[in-house]
Structure formats: structure tokens, C-alpha cells
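A note on names: the letters A, B, ... follow the listed sequences, proteins ahead of strands, and every chain is numbered from 1. The structure displayed is predicted, hence computed values, not measured ones.
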2 protein chains.
Amino acid sequence: MNRFLGHVTNRIDAKGRVSVPAQFRSIIQKAGHIELYALRSLHLPALDVGGPELLMRFDQRLEQEDPFAETADDMSFYLHADGGFLKLDGDGRITVTDFIREHTGISADVTFAGANTHFQMWHPDRFEAHRTRVRERLAEKRRQENLRIPVGTS
Amino acid sequence: MNRFLGHVTNRIDAKGRVSVPAQFRSIIQKAGHIELYALRSLHLPALDVGGPELLMRFDQRLEQEDPFAETADDMSFYLHADGGFLKLDGDGRITVTDFIREHTGISADVTFAGANTHFQMWHPDRFEAHRTRVRERLAEKRRQENLRIPVGTS
DNA sequence: TCTAGTCCCATTGACGCCCATAGTGCCCCA
DNA sequence: TGGGGCACTATGGGCGTCAATGGGACTAGA
């Protein structure tokens with residue numbers, strides 16, 4: 001399975017390193033990459049992480065923009081200055097830099113969460129909070145739709 | 001990876017020198033260049049720095065952006081007259097000249113920010129301010145157009 | 001002579017590379 | 001079916017290398 005699924009929480013050691021879950025790692029390494037591309041999510045206190053092809057996807061999206069509009073500059077700045085590479089060491093670990101900590105609030109532990117084509121890095125508490133919030137939103141949405149279309153799935 | 005990505009802040013020493021991040025340096029040296037070209041960014045209080053090919057790209061952009069040749073000439077003059085070489089010393093440092101300080105407000109520290117094909121030099125505070133502004137604009141834009149910049153929607 | 005710009009060297013702290021260990025799940029075999 | 005052992009992951013730590021920074025000495029031009 002070459003999709004990022006599920007979530008795992010790992011500990012950051014005294015040297016500031018954390019193991020990327022083997023399951024996620026194998027997907028990246030299968031593609032022959034030893035470095036990860038990380039981007040600070042716009043709306044969430046989380047990091048979007050994937051192989052270099054993640055950056056390619058964003059670059060393609062960027063090319064669709066009018067290169068002389070402010071949006072293109074903004075997107076380029078966001079993708080290139082506000083993103084960066086994370087190098088995997090020989091044991092499949094990455095070092096948690098200030099770049100990561102500032103945006104996510106991560107301190108002692110990291111929750112890795114699959115997101116299909118990539119994965120995310122969270123502070124465990126914030127991840128949990130986000131998870132329940134999402135669940136509530138979805139439940140609410142379904143409740144509204146059920147008023148019209150009663151599809152009782154439970 | 002031969003792209004300028006991420007950002008680092010380095011200190012200017014008593015002699016006015018600052019280390020160019022090794023990651024950026026290696027990209028330049030891989031391309032076989034010993035000197036850097038610096039241009040004032042058009043809209044930002046930052047310096048665009050890169051190899052000689054940076055000049056050509058800026059010229060092309062100028063031509064396309066401004067249909068009136070005379071204005072384009074003025075702009076070209078403005079850029080080139082004040083643009084200059086930054087010589088790397090043996091330890092990969094450059095001297096921060098008044099030319100740099102005037103346009104960027106840089107005083108004690110420099111933030112080097114990747115911009116894919118080149119990099120930028122910022123005053124740390126201004127960089128941070130710009131970063132948050134860009135994120136706000138992109139977030140707003142996405143809210144309006146449902147523009148899918150980050151994959152992480154959840 | 002003084003100043004500004006180089007070249008070179010020293011220090012220190014961070015990071016990469018390597019190996020060790022403990023916990024866990026799985027498989028195989030009795 | 002239960003036990004032993006193998007494989008692998010997460011984690012911890014040692015150590016050498018390199019980057020960032022500071023500073024001294026030499027040179028050339030004002």
C-alpha cells in the first residue's frame with residue numbers, strides 16, 4: 001500500500017531526533033528518496049510532509065498562476081521560503097528543528113498522521129483536539145443532510 | 001536537491017561579514033560560480049541573490065512586465081546600476097555593504113530565504129512580517145476561491 | 001600612517017554517521 | 001497449541017566532521 005494512513009506518536013530524543021514511522025518511511029524510500037519536503041500548513045498548526053514529488057505537485061500548481069500577479073509571488077514565497085527539506089538519517093529519523101517547533105508547538109512528542117498522498121506532523125494534543133473537532137463537524141454535516149436524505153448508516 | 005529552499009538566519013560579525021548558508025553555497029558552487037549577483041527586489045525590502053543567470057531572468061521579466069520600452073529601460077538601469085557582485089571569501093562569507101543595508105534595513109542579522117532558483121536576503125523582522133502577511137493573503141484567497149494550495153484540508 | 005579588504009587559522013557547537021539495546025510482533029517448529 | 005527465536009522498530013548514545021563565528025596578520029590604496 002503506497003498511501004499514508006493512520007497515525008502514530010513518537011518521542012523526540014535528547015538530541016532532538018524523532019523516528020519517522022517505518023510505514024511512512026517505506027513509502028518514501030520505495031520511491032528512492034532520502035529526504036522529505038515539509039511545508040507549514042496554512043490553516044493548521046501542522047506540517048505537511050512528503051517526498052520531493054510533493055514539491056513538484058505544488059510547483060505545477062504554481063505554474064498555473066499568472067507569473068506577474070501578487071498571488072504567484074506569494075505562493076512562491078510560501079512554497080520555497082516557508083518550506084524546507086528534512087533529511088532522514090541512516091536510522092530513518094529526522095531532527096526536529098525550530099522551524100518545525102515554532103509552527104506546530106511540538107516539544108517532546110510528535111504525532112505522525114497519514115493524509116493519503118502525504119502525511120502530517122502534529123503536537124499530540126493539538127492533533128487530538130483537531131481530530132475531535134473534525135469529527136464533530138462531520139457529524140453535524142451528516143445530521144443536516146439526514147434531514148433531507150435519511151441514509152442511516154450508523 | 002539543487003533548489004534554494006527554506007530559510008536560515010545568520011549573524012553579521014564585527015567586520016561586517018556573514019556566512020552564506022552552506023546549503024545555498026553548495027548549490028552555487030555546483031553550478032561552478034564563485035561570485036554572486038545581487039539585485040534589489042522590485043516590491044520587497046529584500047535582495048535577490050543568485051548566479052549570473054539571475055540577471056537574464058530579471059531582464060526577461062522586465063520586458064514582459066512593462067510594455068513601454070522607456071520605462072523598462074529605466075527599471076533596468078535602476079536594477080543594474082545598483083546591482084553588484086558579492087564576492088565569497090574562502091570561508092563562504094560575504095561582506096554586507098551599505099548597498100545591502102540601505103535597501104533591506106539589515107543591521108545585525110541576515111535571514112537567507114530560498115526562492116527556488118535563487119535566494120533572498122532579509123532583515124529577520126521584516127522577513128517574519130512578510131511571512132505572516134503572505135500566509136494571511138493566501139489563506140484569505142483560498143477561503144474565497146477555495147484555492148487548493150495546501151493538500152492538508154482534513 | 002591609517003583604514004579597508006583579504007587570507008588564514010582557532011574555537012565551538014551542531015549535525016551526520018555509526019553502533020547498541022530494549023520492546024514487540026511474527027513465524028516456525030516441537 | 002504453546003514456546004522459542006528471529007526480524008524489525010523505536011530509542012539512546014559515542015564520536016568525528018563540518019559549518020558558523022571570531023579574530024589575527026598581511027597587503028594595498030588613500
Engineer: How many whole angstroms separate atom CG of B:Asp13 from atom P of D:dA19?
Structural biologist: 18 Å
Engineer: For residues 90-97 of chain A, which side-chain N or O atoms pair as donor and acceptor with protein atoms under 3.5 Å away, sequence neighbours left out?
Structural biologist:
from: A:Asp91; atom 1: OD2; to: A:Arg93; atom 2: NH2; distance (Å): 3.1
from: A:Thr97; atom 1: OG1; to: A:Phe99; atom 2: N; distance (Å): 3.4

Engineer: Can you list every pair that meets salt bridge (charged side-chain N to carboxylate O under 4.0 Å, His left out) and has a residue in residues 106-115 of chain B, with sequence neighbours left out?
Structural biologist: none
Engineer: Identify all pairs in which a protein N or O lies below 3.5 Å from an N or O of nucleotides 24-27 of chain D, and state each distance.
Structural biologist:
from: D:dG24; atom 1: O6; to: B:Lys15; atom 2: NZ; distance (Å): 2.2

Engineer: Which of residues 103-113 of chain A have a heavy atom under 4.0 Å from DNA chain D?
Structural biologist: none
Engineer: Between A:Phe24 and A:Phe4, what is the ring plane arrangement, given parallel below 30°, perpendicular above 60°, and tilted in between?
Structural biologist: perpendicular
Engineer: Rounded to whole angstroms, how far apart are CG on B:Leu88 and P on C:dG5?
Structural biologist: 16 Å
Engineer: Looking only at the side chain of A:Arg11 (C-beta and beyond, no hydrogens), which of the listed nucleotides D:dG12, C:dT6, D:dT9 gets closest?
Structural biologist: D:dG12
Engineer: Nearest whole Å is fine: how far is D:dC18 P from B:Gln29 CD?
Structural biologist: 14 Å
Engineer: When all nucleic acid strands are considered with a 4.0 Å heavy-atom cut-off, which category describes A:Asn10: base, sugar-phosphate, or nothing?
Structural biologist: sugar-phosphate
Engineer: State which residues pass ring pair (Phe, Tyr, Trp, His ring centres under 6.0 Å) with A:His80; sequence neighbours excluded, sorted by chain then number.
Structural biologist: none
Engineer: Are the side chain of B:Arg101 and the backbone N or O of B:Ser107 linked by a donor-acceptor pair below 3.5 Å?
Structural biologist: yes
Engineer: Go through the structure and list residues passing side-chain contact (heavy atoms from CB on, under 4.5 Å) with A:Glu140, not counting sequence neighbours.
Structural biologist: A:Arg143, A:Gln144
Engineer: Residues two or more places apart in sequence or in another chain: which of them pass salt bridge (charged side-chain N to carboxylate O under 4.0 Å, His left out) with B:Arg17?
Structural biologist: B:Asp13
Engineer: Give the rounded distance in Å between these two atoms: CD1 of A:Ile12 and P of C:dC15.
Structural biologist: 13 Å
Engineer: Quick one: list whatever passes salt bridge (charged side-chain N to carboxylate O under 4.0 Å, His left out) with B:Glu102, sequence neighbours left out.
Structural biologist: none
Engineer: Remember a base hit wins even if backbone is also touched, and classify A:Val8 as base, sugar-phosphate or nothing at under 4.0 Å, heavy atoms.
Structural biologist: nothing
Engineer: Could you pull out all residues at least two apart from A:Asp125 that satisfy side-chain hydrogen bond (donor to acceptor under 3.5 Å, both in side chains)?
Structural biologist: none
Engineer: Just the table, please: protein N/O against nucleotides 19-27 of chain C N/O, every pair under 3.5 Å.
Structural biologist:
from: C:dC19; atom 1: N4; to: A:Asp91; atom 2: OD2; distance (Å): 2.6

Engineer: Under the rule for salt bridge (charged side-chain N to carboxylate O under 4.0 Å, His left out), what residues qualify as partners of B:Arg131, not counting sequence neighbours?
Structural biologist: A:Asp82, B:Glu128
Engineer: So, using salt bridge (charged side-chain N to carboxylate O under 4.0 Å, His left out) as the criterion, who are the partners of B:Glu53 when residues are at least two apart?
Structural biologist: none
Engineer: D:dG14 C1' sits how many Å from A:Asp89 CG, rounded?
Structural biologist: 14 Å
